[in-house]
Amino acid sequence: QSNCGAAIIGSTTAQCVQVQSCTTCDTSFTLNLTVTSDGGSTQCSAEIDVEDHDDPIFINCPAGQSLECGTNLPPCGNVTATDNCDGIIQATCSDGPFVPDPAGCGGTVTRTYTATDSCGNTATCTQIFTIVDTTPPNFTAPGPQTFECVANIPACPTLNATDNCDTSVAVNCTTGSLVGGPCGGTVTRTFTATDDCGNTRIRTQIFTIDDNTAPVILNCPQNANIQCPDDLPPCPVLTATDNCGVNGTVNCSDGPLVGGACPGTITRTFTATDACGNTGTCTQTFFVSDTTPPEILECPEGVTIPCGEPVPPCETNLVASDNCTSVEDLVVTCQDFPTAPGGEGQGGCANGLTRVYTVTDQCGNTDQCMQSINTDPDNVPPVIAAPVPPIESCLGLPVVIEFPDATDNCDPNPTVTCTRSDGLPCEDPYFPPGLTLVVFTAHDACNNASVPVVIPVSPGCCDVEFETFNQNYWGSD
């Protein structure tokens with residue numbers, strides 16, 4: 001027995017017994033023991049001082065964990081300890097500060113569990129949280145874009161990256177080379193963000209390069225006037241600029257003559273082509289108008305022809321040249337103008353002709369020259385072919401007298417005139433009684449007169465039957 005209710009624990013028949021204290025730490029109580037044996041008993045008492053110096057012992061200290069940076073620590077677990085006096089004790093916990101890893105990546109947090117018995121004896125255990133970073137930074141890269149030239153790609157922009165651990169992560173940028181050429185090729189830009197733990201995020205931006213702009217020809221020549229299609233100057237050397245910075249070669253081609261040379265046009269086209277087949281053109285118009293006359297190089301020399309001979313024909317093969325028309329296509333014409341009265345176009349009494357030669361090119365431009373054609377003087381009179389014998393007829397009957405022919409050394413057609421001594425016209429077939437002289441005279445173009453031919457006509461009396469005439473009747477009884 002005790003004065004506080006202490007009790008024996010376990011066997012009561014052993015030589016030693018265990019007594020459960022009935023007081024708290026640093027106190028005392030009186031223990032009374034009674035030993036009974038063979039019907040007898042013996043008692044003793046003792047003053048017991050109670051002292052507890054044993055720490056509690058943890059039953060389930062949690063193991064360490066790895067946590068991703070930025071993740072909250074889990075709540076304290078249900079951790080208990082046993083105590084020699086108090087039995088099962090619920091532990092408390094507290095978290096220490098974050099201790100960075102010397103290598104610069106992650107660190108640790110120590111959680112301490114503490115179990116304290118009623119006598120103030122304590123026991124601790126620790127749980128290590130290892131903070132790791134396996135998550136790469138994050139950022140948004142620009143979307144795809146299309147440009148005409150590689151040179152049009154802008155500089156790398158400044159991007160911001162976020163990270164679960166690092167507060168400042170730089171985003172680096174590199175731009176690759178053109179793949180596939182400038183006519184639909186691509187350029188890849190790579191953005192890279194790396195945190196302190198080496199976690200890397202890579203994003204790309206695709207630039208499509210497609211040149212659709214034609215080159216521009218510099219200093220296109222102005223329109224010009226030329227005389228002939230063959231006067232086209234050679235193509236000049238021109239240059240062109242392109243939006244992608246490559247100066248292309250300029251080619252030149254001439255179109256056909258439109259409308260002819262009197263006037264017409266020829267269009268010259270300059271074409272520049274870049275590497276993507278884009279073409280730029282400009283045109284120059286040549287206005288073709290031949291206003292230059294041909295040139296007669298040799299005019300036929302003047303000639304003198306005998307009287308009566310025909311004028312020589314025009315020469316058709318003059319020696320001439322033209323700036324545009326070929327010699328064989330030049331048209332030669334001539335026209336004669338008499339320089340004195342007479343038979344135009346014949347030797348006659350024309351003292352001369354002025355022959356004007358005209359050479360005309362295909363545009364109607366002309367050149368002229370003059371040739372003098374002279375004839376020998378004509379002083380020879382024409383000749384009446386043959387004399388007509390005297391005519392005797394019956395009085396009162398018609399007499400028909402034919403005009404004689406005449407010839408001339410120059411004039412092929414001399415004029416024959418006729419007169420009658422009775423004053424009547426030669427065409428009158430009736431003659432009065434007596435002698436009538438009919439005189440024929442021939443004149444040439446130069447008014448040379450022939451020797452007159454005289455034909456006497458003397459109607460006489462004849463035995464005739466009377467007839468009635470309507471006019472100019474002469475008869476006898």
Side-chain angles (χ1 to χ4, degrees), residues 55-82 88-116 122-147 150-180 184-209:
D55 295 331
I57 298 173
F58 278 93
I59 299 173
N60 56 344
C61 191
Q65 293 183 31
S66 292
L67 296 177
E68 187 70 22
C69 182
T71 303
N72 294 327
L73 296 179
C76 293
N78 185 19
V79 178
T80 58
T82 62
I88 300 300
I89 300 174
Q90 186 70 41
T92 61
C93 79
S94 62
D95 295 329
F98 174 74
V99 179
D101 190 307
C105 177
T108 58
V109 174
T110 300
R111 173 171 284 177
T112 301
Y113 288 91
T114 302
T116 305
T122 61
T124 61
C125 76
T126 57
Q127 181 184 17
I128 305 299
F129 292 99
T130 302
I131 308 302
V132 297
D133 182 8
T134 60
T135 302
N138 195 20
F139 62 91
T140 300
Q145 291 181 277
T146 298
F147 293 101
V150 174
N152 298 143
I153 296 176
C156 289
T158 299
L159 302 182
N160 296 318
T162 59
D163 191 67
N164 58 337
C165 290
D166 280 356
T167 58
S168 177
V169 178
V171 179
N172 297 318
C173 165
T174 58
T175 303
S177 301
L178 176 64
V179 176
T186 58
V187 173
T188 301
R189 173 169 283 173
T190 302
F191 296 93
T192 304
T194 303
D195 63 18
D196 290 340
C197 290
N199 300 304
T200 299
R201 176 82 65 185
I202 297 176
R203 298 191 187 279
T204 58
Q205 180 184 19
I206 303 299
F207 299 105
T208 299
I209 307 302

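Because the structure is a prediction, the values reported are computed rather than measured.
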To the nearest 0.5 Å, what is the distance between [atom1] ([X]) and [atom2] ([Y])?
X: Asp196; Y: Asp166; atom1: CG; atom2: CG; answer: 3.5 Å
X: Asn199; Y: Thr134; atom1: CG; atom2: OG1; answer: 6.5 Å
X: Thr71; Y: Leu73; atom1: OG1; atom2: CG; answer: 9.0 Å
X: Thr112; Y: Asp95; atom1: OG1; atom2: CG; answer: 8.0 Å
X: Asn60; Y: Cys125; atom1: CG; atom2: SG; answer: 8.0 Å
X: Thr146; Y: Asn152; atom1: OG1; atom2: CG; answer: 11.5 Å

(request) Check the pair Thr116 / Thr122 against side-chain hydrogen bond (donor to acceptor under 3.5 Å, both in side chains), numbers first and verdict last. (result) CA-CA 4 Å; Thr116 305; Thr122 61; 5.1 Å; no
Residue pair [X] / [Y], side-chain heavy-atom distance below 4.5 Å:
X: Pro74; Y: Gln65; value: yes
X: Thr110; Y: Gln127; value: no
X: Ile202; Y: Pro136; value: no
X: Cys69; Y: Asp163; value: no
X: Thr82; Y: Ile89; value: no
X: Ile153; Y: Ile209; value: yes

(request) With sequence neighbours left out, write down each residue that passes salt bridge (charged side-chain N to carboxylate O under 4.0 Å, His left out) with Arg189, or none if nothing qualifies. (result)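 Counting only residues at least two positions away or on another chain, Arg189 forms no salt bridge (charged side-chain N to carboxylate O under 4.0 Å, His left out).
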(message) The test is side chain to side chain contact (heavy atoms under 4.5 Å, CB included); show your working for Thr126 and Arg111 and say whether it passes.
(response) CA-CA 6 Å; Thr126 57; Arg111 173 171 284 177; over 6 Å; no
(request) Is it possible for you to check whether Arg203 lies under 6.0 Å from the centre of the six-membered ring of Phe139, through NZ or CZ, and within 45° of that ring's axis? (result)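 Yes, Arg203 sits over the ring of Phe139.
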(message) Please enumerate all residues that pass side-chain contact (heavy atoms from CB on, under 4.5 Å) together with Asn172, with sequence neighbours excluded.
(response)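 Counting only residues at least two positions away or on another chain, Asn172 forms no side-chain contact (heavy atoms from CB on, under 4.5 Å).
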(request) Look at atom CD1 of Ile57 and say whether more than 12 heavy atoms of other residues, nucleotides or ligands are closer to it than 6.0 Å. (result)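 No, because the 6.0 Å sphere around CD1 of Ile57 holds 12 heavy atoms or fewer from other groups.
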(request) Test Asn160 against Val171 for side chain to side chain contact (heavy atoms under 4.5 Å, CB included), laying out the working first. (result) CA-CA 7 Å; Asn160 296 318; Val171 179; over 6 Å; no
(request) Show the numbers, then the answer: is there a side chain to side chain contact (heavy atoms under 4.5 Å, CB included) between Arg201 and Thr192? (result) CA-CA 6 Å; Arg201 176 82 65 185; Thr192 304; over 6 Å; no
[X] side-chain N/O to [Y] backbone N/O, donor-acceptor pair under 3.5 Å:
X: Asp133; Y: Thr135; answer: yes
X: Gln205; Y: Gly143; answer: yes
X: Asp101; Y: Gly106; answer: no

(request) Kindly check if Cys165 and Cys197 bring their SG atoms closer than 2.5 angstrom. (result)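 The answer is no, since Cys165 and Cys197 keep their SG atoms 2.5 Å or more apart.
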Non-hydrogen atoms of [X] and [Y] that approach each other most closely:
X: Tyr113; Y: Cys76; value: OH-CA, 3.7 Å
X: Asp195; Y: Pro137; value: N-CG, 3.7 Å
X: Phe58; Y: Ala91; value: CE2-CB, 3.5 Å

(message) What I want to check is whether the side chains of Ser66 and Thr130 have a donor and an acceptor closer together than 3.5 Å.
(response)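 No.
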